[in-house]
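Both backbone and side-chain heavy atoms feed into the values below; hydrogens, waters and symmetry mates do not. Chain identifiers are assigned alphabetically (A, B, ...) following the order of the sequence lines, protein sequences preceding nucleic acid strands; residue numbering begins at 1 within each chain.
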Amino acid sequence: MTTNLTIAQIFNDIAELLELKEENPFKIRAYRNGAQTLENLTEDVHEVARREELTKLPGIGKDLSEKIKEFLTAHKIKYYDQLKKEIPQVLIDMKSIPGIGPKKALLLHKKLKIKNLGELEKKCSEHKLQTLPGIRAKTEENILKGLEFLKKSEGRFSLENGVPLADEIIRALKKLKEVKRISVAGSVRRRKDTIHDVDILVTAQNSAKVMETFVGLPVVSDVIAEGDTKSSIRTINGLQADLRVVDPAAYGACLLYFTGSKAHNIRIRDIAKKKGYKLNEYGLFSEKNDKLIASKSEEEIYKILGMECVPPELREDHGEVEVALKHALPHLVTEKQIRGDFHSHTNESDGENTLEEMAESARKHGLEYLVVTDHSKSLTVANGLTEKRLMARVEAIRKLNKKLKGLTLLTGSEVDILADGVLDYSDDVLKELDFVVASIHSGFKQPREKMTQRILKAMDNKYVNLIGHPTGRLIGIRDAYDVDVDKMIRHAKATNTALEINAHPKRLDLNEVYIRQSVDAGVTLAIATDSHAVNQFDNLTYGVSEARRGWCESKNILNTLTLAELRKKIRK
DNA sequence: GCCGTTTTCGGCCCGACTGTTTTCAGTCG
């Protein structure tokens with residue numbers, strides 16, 4: 001699968017390069033569309049190529065399929081290498097600065113002979129850019145700010161940055177009597193694992209007052225734009241937030257537009273067009289006479305387009321449009337359906353709270369059961385438990401269970417999968433536990449084949465119920481380890497081992513693509529918080545959204561089972 | 001570069017805001 005992502009990245013790079021050549025915009029889009037198809041492909045592109053079905057993929061025609069084949073055999077794409085030689089890196093660097101697109105990048109490079117971002121910053125500070133047509137003081141200022149922003153962040157943030165900011169803005173604006181309706185939109189509403197801004201939509205009688213409040217919020221460090229209907233701010237930590245004020249009558253159309261994704265919008269506008277309508281953020285209109293057909297709610301717009309209302313988490317043009325047209329969308333799993341948690345730590349290993357505190361918090365969070373999975377002995381940095389300590393823990397849990405009301409604790413462990421695939425506890429120990437999570441915490445750099453075999457071997461152990469954070473990624477910090485996820489998923493099915501959807505917002509592991517692939521393969525998934533403190537049960541919401549983004553229904557998720565059903569299912 | 005019960009050629013989603021102009025290009029989402 002990594003091949004899919006590698007080629008997708010190359011196609012995206014080609015699109016960037018073509019923009020700097022001022023190529024036909026539709027050709028550029030064709031490369032981006034092709035990249036998106038590969039990013040979301042739930043099958044290894046090798047397989048598709050082997051069946052000679054590349055051109056059956058949406059957005060992949062003769063040319064792109066040839067380039068894919070070239071990469072599969074030669075591990076490079078000549079056209080890409082040529083473009084890279086032809087186009088200076090500094091153009092690409094400049095284009096990544098907010099406010100600089102292909103046109104300005106080219107202008108700066110051509111007229112000022114700028115060779116790197118350092119030079120750009122220098123010439124900007126010396127006001128040399130103002131010698132160019134169309135650039136005056138303000139543009140220079142914005143470029144300097146853009147450079148500063150680039151230095152501070154990589155430009156993308158984790159969902160856990162966006163959700164609290166959205167909540168804060170909504171809380172503040174709701175207090176205004178002018179504000180009637182308010183909702184988060186954009187990638188935060190779609191619950192994407194990484195976001196680059198926070199979008200908020202309101203209906204209000206007096207937009208000036210709302211805008212004034214928005215740009216004056218305490219978190220604001222910069223006002224990027226302030227208009228009658230749209231304003232943008234940057235927060236102190238660099239995250240951008242956009243606010244859009246709309247007429248109440250257009251709320252649905254605008255929410256739809258503003259939620260995106262862009263790719264989803266393009267698809268449904270296309271459907272609208274084919275049906276003789278025009279869809280924009282103000283509503284669905286008749287193409288003939290511009291008469292308004294619908295605008296008040298998302299539901300009515302989808303309905304008129306002949307579609308089911310698509311849940312925001314699915315709006316990525318990953319096939320949901322076709323399925324919605326057939327009225328066959330999945331009934332996505334909801335937070336309410338989650339009855340238990342399989343992955344939690346106490347202060348016996350590296351958690352912050354006691355067993356009793358964790359149990360109490362789980363009960364308060366509405367859980368019916370909680371598996372306590374402290375680390376195993378090899379993970380000394382996390383104060384992993386020796387067999388003796390583990391057995392004492394099992395006793396303590398059984399004892400506490402007799403006192404608990406409304407929650408049952410299950411005994412368990414997050415047992416390390418050692419470098420050779422052997423587990424950190426023997427079967428004699430594991431068989432004493434109700435539920436076993438097996439995870440990798442060391443040897444991340446192992447080669448693909450070894451890493452894959454290591455995980456498959458762990459699954460072969462009949463006491464292992466669940467593989468924890470199966471790819472090991474840490475969003476924005478560490479890439480996944482090199483594992484053949486296809487094989488892992490097939491083996492999970494064969495051995496009846498569940499795969500974790502780790503709900504920690506820095507992990508969200510499996511990611512949405514692999515979740516969907518698992519669903520398609522009939523593998524059972526488990527949403528687990530990996531809580532190391534009482535407040536981390538809150539993260540369940542992130543795990544559920546990730547599951548929803550992977551098209552999970554309740555039947556795909558192990559912890560939608562009642563305790564009785566679960567016990568039956570996991571009996572050895 | 002892709003795509004097709006209108007089409008194998010001629011389309012390809014659509015609009016807001018900024019900064020610079022003086023009617024608009026560039027950028028962004």
Side-chain angles (χ1 to χ4, degrees), chain A residues 11 14-15 18-19 21-37 54-68 79 94-108 129-130 132-143 145-146 155 185-188 190 192 195-201 207 211 223-233 240-246 250 253-254 256-285 287 305 317 321:
Chain A
F11 284 174
I14 290 176
L18 292 178
E19 274 189 329
K21 280 187 75 173
E22 299 187 286
E23 262 279 6
N24 174 1
F26 298 107
K27 179 173 169 179
I28 294 164
R29 190 189 291 170
Y31 275 96
R32 293 222 162 93
N33 287 342
Q36 217 211 345
T37 294
L54 285 172
T55 52
K56 284 192 184 169
L57 298 172
I60 306 289
K62 190 165 163 287
D63 250 82
L64 294 193
S65 78
E66 285 306 317
K67 290 192 171 67
I68 293 172
Y79 180 59
M94 285 198 284
K95 205 166 136 320
S96 65
I97 298 168
I100 296 188
K103 298 283 185 334
K104 279 203 189 77
L106 284 164
L107 181 72
L108 291 168
L129 270 56
Q130 296 196 34
L132 301 174
I135 296 184
R136 293 292 173 265
K138 198 76 192 180
T139 305
E140 279 184 337
E141 209 177 289
N142 285 340
I143 290 174
K145 271 188 194 166
S187 48
V188 177
R190 300 199 314 278
K192 202 164 163 12
I195 58 167
H196 74 267
D197 64 6
V198 169
D199 300 305
I200 307 287
L201 184 69
S207 80
M211 291 305 184
V223 178
I224 301 164
E226 187 180 2
D228 287 340
T229 63
K230 191 177 162 184
S231 295
S232 297
I233 58 105
Q240 184 178 325
D242 297 342
L243 178 72
R244 187 106 173 200
V245 179
V246 296
C254 201
L256 185 63
Y257 158 79
F258 219 24
T259 296
S261 67
K262 195 172 173 177
H264 181 85
N265 284 348
I266 288 173
R267 288 300 312 281
I268 59 176
R269 284 180 180 190
D270 184 46
I271 288 168
K273 199 168 172 174
K274 291 208 168 87
K275 286 185 181 284
Y277 303 120
K278 185 181 74 168
L279 180 62
N280 60 27
E281 61 258 59
Y282 300 108
L284 186 67
F285 299 89
E287 187 125 64
L305 294 179
D317 191 23
V321 173

Give one of base, sugar-phosphate or nothing for A:Pro133, where a contact means two heavy atoms less than 4.0 Å apart. nothing
Which nucleotide in the set B:dC17, B:dC2, B:dC12 lies at the smallest distance from any side-chain heavy atom of A:Ala225? B:dC17
Using purine N1 to pyrimidine N3 plus N6-O4 or O6-N4 for Watson-Crick, or N1-O2 and O6-N3 for G-U wobble, both under 3.5 Å, which nucleotide pairs with B:dT8? none
Here the distance between atom P of B:dG11 and atom NZ of A:Lys274, to the nearest Å, is 15 Å
Expressed as a whole number of angstroms, how long is the span from A:Leu54:CG to B:dC3:P? 12 Å
At 4.0 Å (heavy atoms only), tell me whether A:Pro98 reaches a base, stays on the sugar-phosphate, or touches nothing. sugar-phosphate
Reckon A:Ile28 touches a base, only the sugar-phosphate, or nothing at all at heavy-atom distances under 4.0 Å? nothing
Closest-nucleotide 5' rank along DNA chain B - winner of A:Ile224 and A:Tyr257: A:Ile224
Taking any heavy-atom pair under 4.0 Å as a contact, classify A:Asn265: base, sugar-phosphate, or nothing. nothing
Are A:Asn280 and B:dG15 close enough that a side-chain N or O sits under 4.0 Å from OP1 or OP2? yes
Mind checking the C1' distance from B:dC2 to B:dT8? Whole angstroms is fine. 12 Å
Just how far, in rounded Å, is P of B:dT20 from CG of A:Leu132? 12 Å
Please find the pair of heavy atoms, one from A:Gln130 and one from A:Arg136, that lie closest to each other, and give the distance. O-NH1, 3.0 Å
Contacts of A:Lys67 and A:Thr229 projected onto DNA chain B by closest heavy atom; the upstream (5') one is A:Lys67
If the C1' atom of B:dT7 is compared with that of B:dC12, how far apart are they to the nearest Å? 13 Å
Sugar-phosphate, base or nothing in reach of A:Ile97, heavy atoms under 4.0 Å: sugar-phosphate
C1' atom, B:dC28 versus B:dC13: distance in rounded Å? 14 Å
In whole Å, measure the gap between the P atoms of B:dT27 and B:dT20 for me. 13 Å
B:dG1, B:dT27, B:dT20: which one has an atom nearest the side-chain heavy atoms of A:Lys103? B:dT27
A:Asn142 (side chain) and B:dG19 (base): donor-acceptor pair under 3.5 Å: no
Here the distance between atom P of B:dG4 and atom NZ of A:Lys56, to the nearest Å, is 14 Å
Check every strand shown and say whether A:Arg267 touches a base, only sugar-phosphate, or nothing at a heavy-atom separation below 4.0 Å. nothing
What integer distance in Å separates A:Asn24:CG from B:dG11:P? 13 Å
For A:Ile268, which contact category applies under a 4.0 Å heavy-atom criterion: base, sugar-phosphate, or nothing? nothing
Which nucleotide wins on minimum distance to the side chain of A:Ile266, given the candidates B:dC13, B:dG29, B:dG15? B:dC13
Is it the case that B:dG15 (base atoms only) and A:Tyr282 (side chain only) share a donor and an acceptor within less than 3.5 Å, ignoring hydrogens and angles? no
On the nucleotide B:dC12, are OP1 or OP2 found under 4.0 Å from the side-chain N or O atoms that A:Arg269 carries? no
Does A:Thr139 have a side-chain nitrogen or oxygen under 4.0 Å from the phosphate oxygens OP1 or OP2 of B:dT20? yes
Side chain of A:Lys262, heavy atoms from C-beta onward: which of B:dA16, B:dC13, B:dT20 has the nearest atom to it? B:dC13
